Amino acid sequence: MQNHLDEIEEIVTDSGAWETFLDFLRTVLYVNEDKTIKITIGLVLLVFVIYIITTIVLNFLRRIFSRRLPKADKAKFNTVFSFARWLVYIIVLLIVFDSVGVNVTAIFAASAALLIGVGLALQTLFQDIISGVFILIDQSLHVGDIIEIEDKIGRVEEIKLRTTRAVTIDNKVLVIPNHLYLTNSLYNWTQNDTSTRESVSVGVAYGSDVQLVKKLLLEVANKHPEVLSQPEPVVLFTDFGDSSLNFKLIFTLNDSFKAQFPSSDIRFEIDRLFRENNVSIPFPQRDIHIIEKKN
């Protein structure tokens with residue numbers, strides 16, 4: 001049996017097709033002047049095969065580790081895993097290059113100037129990537145959070161390597177470069193809890209019954225189905241304005257992302273109840289005095 005295997009091996013080795021295939025794999029695509037870096041077709045194919053195998057293994061590991069995770073933790077794990085897989089690819093690539101005899105140190109030395117130039121040109125990209133890592137480390141942002149940055153409000157749908165994707169109340173996709181979190185103030189509406197305190201301000205005419213105004217405002221808030229009973233709505237008498245007594249109705253909502261809709265309903269109901277109870281909402285007025293000049 002062993003003799004037959006040896007004969008088959010000799011036939012395959014001595015065949016012209018095999019030699020042609022080996023010559024094809026040895027074809028040099030690039031070599032530097034010092035011949036320390038030599039890239040052949042065989043090396044390229046090897047890197048491609050290793051990439052495919054690494055991807056399959058990483059996907060298999062991701063499915064195993066995320067199988068029993070809750071939905072919220074699964075989204076976080078997938079975000080962290082997307083960062084880690086690129087690091088694995090780089091490490092595997094360097095190991096492959098070193099194992100086939102490519103001088104990895106020489107690669108870094110030859111590309112040092114290029115890397116410096118690319119680094120200066122892509123410094124914003126690097127800032128985005130580093131910021132994305134910081135987001136994961138300090139846990140200041142999670143998928144599902146409602147954020148406000150640069151007067152833009154959206155619900156976080158995905159945290160990527162370079163950008164964060166959020167959806168606005170108008171169902172528009174908001175793509176935020178991650179470096180903005182380091183250079184701008186970020187308001188996370190839901191980091192403490194999903195419920196948030198909202199408010200509606202209103203002014204009434206001087207001479208109005210302020211206790212009646214307070215009663216009507218609390219009645220409006222308590223009747224709205226989306227306003228939480230705990231903590232209870234409150235009314236603040238905020239100021240004596242130029243032409244009105246100013247009040248603020250404060251209430252709690254469970255879905256602050258759509259706060260503009262219940263706030264609008266509350267304003268409609270306030271206007272209706274004020275009309276029924278003869279509470280007037282004043283508007284700014286100015287008196288103009290015309291002085292005639294006598295000759």
Side-chain angles (χ1 to χ4, degrees), residues 70-72 75 139-159 164-176 180-181 184-206 208-284:
K71 185 176 181 181
Q139 296 291 299
S140 61
L141 194 64
H142 303 87
V143 174
D145 285 350
I146 300 172
I147 62 172
E148 178 181 354
I149 186 171
E150 292 187 338
D151 298 326
K152 298 179 180 65
I153 301 172
R155 190 194 301 273
V156 176
E157 296 290 331
E158 187 179 16
I159 302 175
T164 297
R165 294 181 179 270
V167 177
T168 66
I169 188 64
D170 302 320
N171 200 30
K172 298 176 181 177
V173 177
L174 184 63
V175 181
I176 308 170
L180 292 181
Y181 299 123
N184 293 272
S185 297
L186 170 67
Y187 298 94
N188 192 330
W189 291 9
T190 53
Q191 186 172 24
N192 294 329
D193 194 3
T194 57
S195 60
T196 56
R197 299 282 274 177
E198 306 294 336
S199 64
V200 170
S201 298
V202 64
V204 300
Y206 275 89
S208 301
D209 186 345
V210 295
Q211 293 301 324
L212 175 61
V213 172
K214 178 180 179 180
K215 175 185 175 182
L216 295 176
L217 292 177
L218 290 176
E219 180 182 340
V220 172
N222 289 323
K223 284 185 176 180
H224 198 283
E226 296 186 27
V227 174
L228 301 180
S229 59
Q230 293 295 331
E232 296 181 352
V234 295
V235 174
L236 299 181
F237 191 161
T238 57
D239 201 2
F240 294 93
D242 293 337
S243 58
S244 64
L245 305 173
N246 298 329
F247 293 83
K248 178 182 287 187
L249 172 62
I250 302 175
F251 49 92
T252 304
L253 298 176
N254 193 36
D255 188 0
S256 58
F257 188 57
K258 299 180 180 179
Q260 59 179 339
F261 298 110
S263 297
S264 175
D265 296 338
I266 288 174
R267 292 187 181 94
F268 275 117
E269 187 64 12
I270 289 174
D271 181 72
R272 187 185 69 81
L273 285 181
F274 277 11
R275 290 177 185 275
E276 288 183 357
N277 291 271
N278 297 318
V279 177
S280 60
I281 300 176
F283 55 89

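When a residue number appears, it is its place in the shown sequence, counting from 1. Model, not experiment: these values are computed from the prediction.
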>> If I compare all heavy atoms of A221 with all of V227, which pair ends up nearest, and what's the gap?
In response: O-CB, 3.4 Å
> Quick one: does V173's side chain get under 4.5 Å of V175's, heavy atoms only?
Replying inline: yes
>> As an exercise, state the distance from NE2 of H224 to CZ of F251, rounded to the nearest 0.5 Å.
In response: 8.0 Å
> Does any N or O in the side chain of D209 come within less than 3.5 Å of the main-chain N or O of Q211, such that one atom is a donor and the other an acceptor?
Replying inline: yes
>> Ignoring hydrogens, what is the shortest heavy-atom contact between E226 and L253? Give both atom names and the distance.
In response: O-CD2, 3.3 Å
> Where is the tightest heavy-atom contact between R155 and G144, given as atom of each residue plus distance?
Replying inline: CG-O, 3.6 Å
>> How long is the straight-line distance from CD1 of I281 back to CG of L245, given to the nearest 0.5 Å?
In response: 12.5 Å
>> Could you check whether any side-chain heavy atom of R267 comes within less than 4.5 Å of a side-chain heavy atom of V200, counting everything from C-beta outward?
In response: yes
>> Let me confirm one number: the CG-CD1 distance from L217 to I270, rounded to the nearest 0.5 Å.
In response: 5.0 Å
> Roughly how far, to the nearest 0.5 Å, is the CZ atom of F274 from the CG atom of D271?
Replying inline: 9.0 Å
> How close do A205 and P282 get, heavy atom to heavy atom, and via which atoms?
Replying inline: N-CD, 3.4 Å
> Is any side-chain N of the basic residue among K215 and E219 closer than 4.0 Å to the acidic one's carboxylate O?
Replying inline: no
> Looking only at atom types and distance, does a side-chain atom of T238 sit under 3.5 Å from a main-chain N or O of N246, one as donor and one as acceptor?
Replying inline: yes
>> Restricting to non-hydrogen atoms, name the atom on L174 and the atom on K152 that form the minimum distance, rounded to 0.1 Å.
In response: CD1-CD, 3.6 Å
>> Are there over 12 heavy-atom neighbours, none belonging to R275, within less than 6.0 Å of that residue's CZ?
In response: no
>> Rounded to the nearest 0.5 Å, what separates atom CD1 in I153 from atom CD1 in I146?
In response: 9.0 Å
> Looking only at heavy atoms, what is the nearest atom pair of E232 and R197, with distance?
Replying inline: O-NH1, 3.8 Å
>> Using modelled atom types and a 3.5 Å cut-off, is there a donor and acceptor pairing between side-chain atoms of N222 and backbone atoms of L218?
In response: yes
>> Consider side-chain contact (heavy atoms from CB on, under 4.5 Å). Of V213, I266, V202, which one does L249 pass it with?
In response: I266
> Is the backbone of G241 close enough, under 3.5 Å, to the side chain of Y206 for a donor and an acceptor to pair up by distance?
Replying inline: yes
>> Once rounded to the nearest 0.5 Å, what's the spacing between atom OG of S201 and atom CG of D239?
In response: 11.0 Å
> Can V210 and F237 be said to form a side-chain contact (heavy atoms from CB on, under 4.5 Å), step by step?
Replying inline: CA-CA 9 Å; V210 295; F237 191 161; 4.0 Å; yes
